[in-house]
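Count residues from 1 along the sequence. Read the numbers this way: they start at 1 and go in the same order the structure lists the ligands and their atoms.
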Amino acid sequence: MPIANGFLDKKDFSNEFFFNMEVGFNEELSLFQLNDHPKPEKMFNKNYPFFTGSSEYMKRHFKSYAEFVKKYLKTNSRIIEIGSNDGTFLKNFDNSENFLTGVEPSKNVADIAIKNNIPTINEFFNTVSAKKLKKFVGNTDLICASNVICHVPNLNNLIEAVDLLLSKDGVFVFEEPYLGSMFEKVSYDQIYDEHIFMFSATSISKIFSKFNFYLVDAIPQTTHGGSMRYVLKRFKNEDNESLKKIFNYEDKNNLNKIDSCLEFKKNCEISKDNITNKIKSFKDEGRTICGYAATSKSTTILNYCNIGTNYIDFICDTTKEKIGKFSPGKHIPIRDINYFHENMTDCVYLFAWNHKEEIFNKEKNFRGEWFSHVNL
Ligand code: TMP
């Protein structure tokens, strides 16, 4: 596999970086994870091409996420967001009532947040940066994150950093793609270099209890094709019925055992056959195909199913950092959305299937066939 977000220029084709992507399951922690991964610096650098604010749906989601966590705030609370990207989440808090700090390792997105007056430090979140932060932020009542904890290879160190900064009755809330949804949808495109872990409530509870943190709530989210919001504290609340239901679901579906992974593996192989047969039949019928949205997830699909320019003419996307470049590994050209409007193909592979409502609404003029490896 190449780097999922490693969109590249023609001149860089010959030195493209590839690694062997393999997943495993830790039965002690019920943790689904990559066995090996590229160094984080290879992925989250000054050119990181992902901007939270590029999706209206995500902007709305982060507004409601902010509303949800406001109940944990006191007067003049300190809030830290790990992996604060362009500041889309922190923008929803009043900086004069609370003290905001974003921690973001990718310089280009951190710079946008700073330009928008969101105090941001351009660093990886770990015990080293936490010790520095502690000196000027003191204790923190609320630490939040979304789609970032699963990116951090040294999870132990991250939890130690949270422990260092969080006040005695502080709350740590984060959202990540959910193992249960990935298994149900066979959305194996969630597996790529950046997603080192695919969590469940069971695995989160087991991991954090080693550090004396307790999972006190877990709330399913529709984002990223099915995510889970986890709420952790240093003490247990009284029994939470909805959390119990989630644990029951995970037990019933063997999410705490390797059996569910083996079933998933078979389902991935079936899914691969189905999508490659579908694409081949479109071609045999003489129909043209393009991709919609050059997502990081699409890198897994295209490389695992061996789909390149022999099938897909181009992928359209709104991100200016990707337009004019080529897709990782398969080198499909990335075009802007206007190009798609002027060169509509007969069939469109919707790679951003998790944004389908937003995209279908925008693309009402497209009269051809949408398709994907998951049900649309
Ligand atoms: P991601 O799944 O890796 O987060 O990437 C989402 C990509 O989808 C990002 O490059 C922007 C693109 N996109 C569009 O091109 N049009 C859209 O309407 C939406 C919602 C996303």
### Query
When you look for heavy atoms under 4.0 Å from ligand 1, do you find them on the side chain of T295, its backbone, both, or neither?
both
### Task
Would you mind listing which atoms of ligand 1 come within a distance below 4.0 Å of any non-hydrogen atom of K297?
2 (O)
### Task
May I ask you to say whether K244 pairs ionically with E241, meaning some side-chain N is under 4.0 Å from a carboxylate O?
yes
### Aromatic contact, F199 with F197 (centres under 6.0 Å)
yes
### Query
What side chain to side chain donor-acceptor pair (under 3.5 Å) pairs are there with at least one residue in residues 181-192, not counting sequence neighbours?
E184-Y249, D189-W353, D189-H373, Y192-H195, Y192-S296
### Query
Between CG of N157 and CZ of F124, what distance do you get to the nearest 0.5 Å?
12.5 Å
#### Entry: K283 to Y311, cation-pi by 6.0 Å centre distance and 45° axis angle
no
### Query
What do you reckon, does Y292 have a nitrogen or oxygen under 3.5 Å from a nitrogen or oxygen of ligand 1?
no
## Note on the structure
Sorted by chain and residue number, the side-chain hydrogen bond (donor to acceptor under 3.5 Å, both in side chains) partners of K168 (sequence neighbours excluded) come out as none
### Message
Using heavy-atom distances only, which candidate in E194, H355, M58, K320 approaches atom 21 (C) of ligand 1 most closely?
### Response
H355
### Heavy-atom proximity to atom 13 (N) of ligand 1, best of N147, T318, I359
T318
### Numbering as shown, the atoms of ligand 1 that approach T319 to under 4.0 Å (heavy-atom distance)
9 (C), 10 (O), 11 (C)
### Query
Do K59 and E56 meet the salt-bridge criterion of a basic N to acidic O distance under 4.0 Å?
yes
### Task
Run the numbers for me: atoms of ligand 1, each under 4.0 Å from some heavy atom of K362, listed by number.
16 (N), 17 (C), 18 (O)
### Message
With a heavy-atom distance limit of 4.0 Å, tell me whether E56 approaches ligand 1 through its side chain, its backbone, both, or neither.
### Response
neither
### Atoms in ligand 1 with a heavy atom of K322 nearer than 4.0 Å
9 (C), 10 (O)
